[in-house]
Enquirer: 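If you scroll down you'll find the structure; I have some questions about it.
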Amino acid sequence: MGHKMTEEEWREFVSSGTRTAKLATVRADGSPHVAPVWFLADGNEVVFTTGARTVKGRNVARDGRVALCVDDDRPPFGFVVLHGRARLSEDAEQLRHWATRIGARYMGEERAEEFGARNAVPGELLVRVTVERVVAEADVAD
């Protein structure tokens with residue numbers, strides 16, 4: 001049986017490697033929407049980008065309540081669910097900065113600028129989620 005992660009453990013878990021987060025948002029009709037996102041942790045916030053016209057972008061603009069699930073699908077398995085409130089920004093400088101850093105995490109430093117430029121264009125949004133609650137379990141199969 002698994003164990004609850006400490007704050008240090010869950011922060012390391014969400015920041016290591018190239019695990020994606022599965023972002024859950026609320027549709028206008030109240031139903032859930034889930035989509036994978038590339039992200040970075042920044043203190044007590046999670047940062048990612050999305051298009052303003054995407055389902056997740058529209059959902060967050062209307063209702064900032066979100067949850068992000070980051071998991072390890074290899075035994076002995078583990079997961080972190082981050083609940084919080086998102087806020088949006090169209091600040092071009094910040095968008096480019098974070099899109100580049102996120103690109104470095106997932107595509108490597110050699111392609112970071114390319115992904116920063118691709119994802120920091122008009123119509124893209126910077127999303128910052130303030131983490132309000134965490135559920136984190138490690139070694140679920142042990």
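Just so it is clear, the structure is predicted and the values come from calculations on it, not from any experiment. Residue numbers run from 1 in the order of the sequence given.
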Enquirer: When you compare the side chain of V46 with that of L82, does any pair of heavy atoms fall below 4.5 Å?
Expert: yes
Enquirer: Quick one, F48 and V129 - any side-chain contact, counting heavy atoms below 4.5 Å?
Expert: yes
Enquirer: Any non-hydrogen side-chain atom of V66 less than 4.5 Å from a side-chain atom of L23?
Expert: yes
Enquirer: Give the ring-plane orientation class for W38 versus F115, where under 30° counts as parallel, over 60° as perpendicular and anything between as tilted.
Expert: tilted
Enquirer: Under the rule for ring pair (Phe, Tyr, Trp, His ring centres under 6.0 Å), what residues qualify as partners of F77, not counting sequence neighbours?
Expert: none
Enquirer: Would you say E90 and L125 make side-chain contact, with heavy atoms under 4.5 Å?
Expert: yes
Enquirer: Report the distance from atom CD of E137 to atom NE2 of H3, rounding to the nearest 0.5 Å.
Expert: 8.0 Å
Enquirer: Using distance only, find each side-chain donor-acceptor pair of residues 92-101 under 3.5 Å and give its atom names and separation, not counting sequence neighbours.
Expert:
| from | atom 1 | to | atom 2 | distance (Å) |
| --- | --- | --- | --- | --- |
| Q94 | OE1 | W98 | NE1 | 3.2 |
| T100 | OG1 | R96 | O | 2.8 |

Enquirer: With a 4.5 Å heavy-atom cut-off, do D71 and K22 have their side chains touching?
Expert: yes
Enquirer: What's the verdict on side-chain contact (heavy atoms from CB on, under 4.5 Å) for H83 and E132, showing C-alpha distance, side-chain angles and the deciding distance?
Expert: CA-CA 6 Å; H83 300 265; E132 298 171 346; 5.5 Å; no
Enquirer: Between F79 and R19, is there a cation-pi geometry (under 6.0 Å to ring centre, at most 45° from the normal)?
Expert: no
Enquirer: For the residue pair V80 and E9, establish whether any side-chain heavy-atom pair is separated by less than 4.5 Å.
Expert: no
Enquirer: Please test W10 against K4 for side-chain contact (heavy atoms from CB on, under 4.5 Å), starting from the C-alpha separation and ending with a verdict.
Expert: CA-CA 9 Å; W10 73 254; K4 289 184 178 186; over 6 Å; no
Enquirer: Determine the minimum heavy-atom distance between H33 and N59, stating which atoms define it.
Expert: CB-ND2, 3.6 Å
Enquirer: When you measure from the side chain of R111 to the backbone N and O of G103, does any donor-acceptor pair fall under 3.5 Å?
Expert: no
Enquirer: Taking only Lys NZ, Arg NE, NH1 and NH2, and the carboxylate oxygens of Asp or Glu, determine whether R65 and D63 approach each other closer than 4.0 Å.
Expert: yes
Enquirer: Side-chain contact, heavy-atom cut-off 4.5 Å: N44 with R11?
Expert: yes
Enquirer: Would you indicate whether the side-chain heavy atoms of K56 and V37 approach each other to under 4.5 Å?
Expert: yes
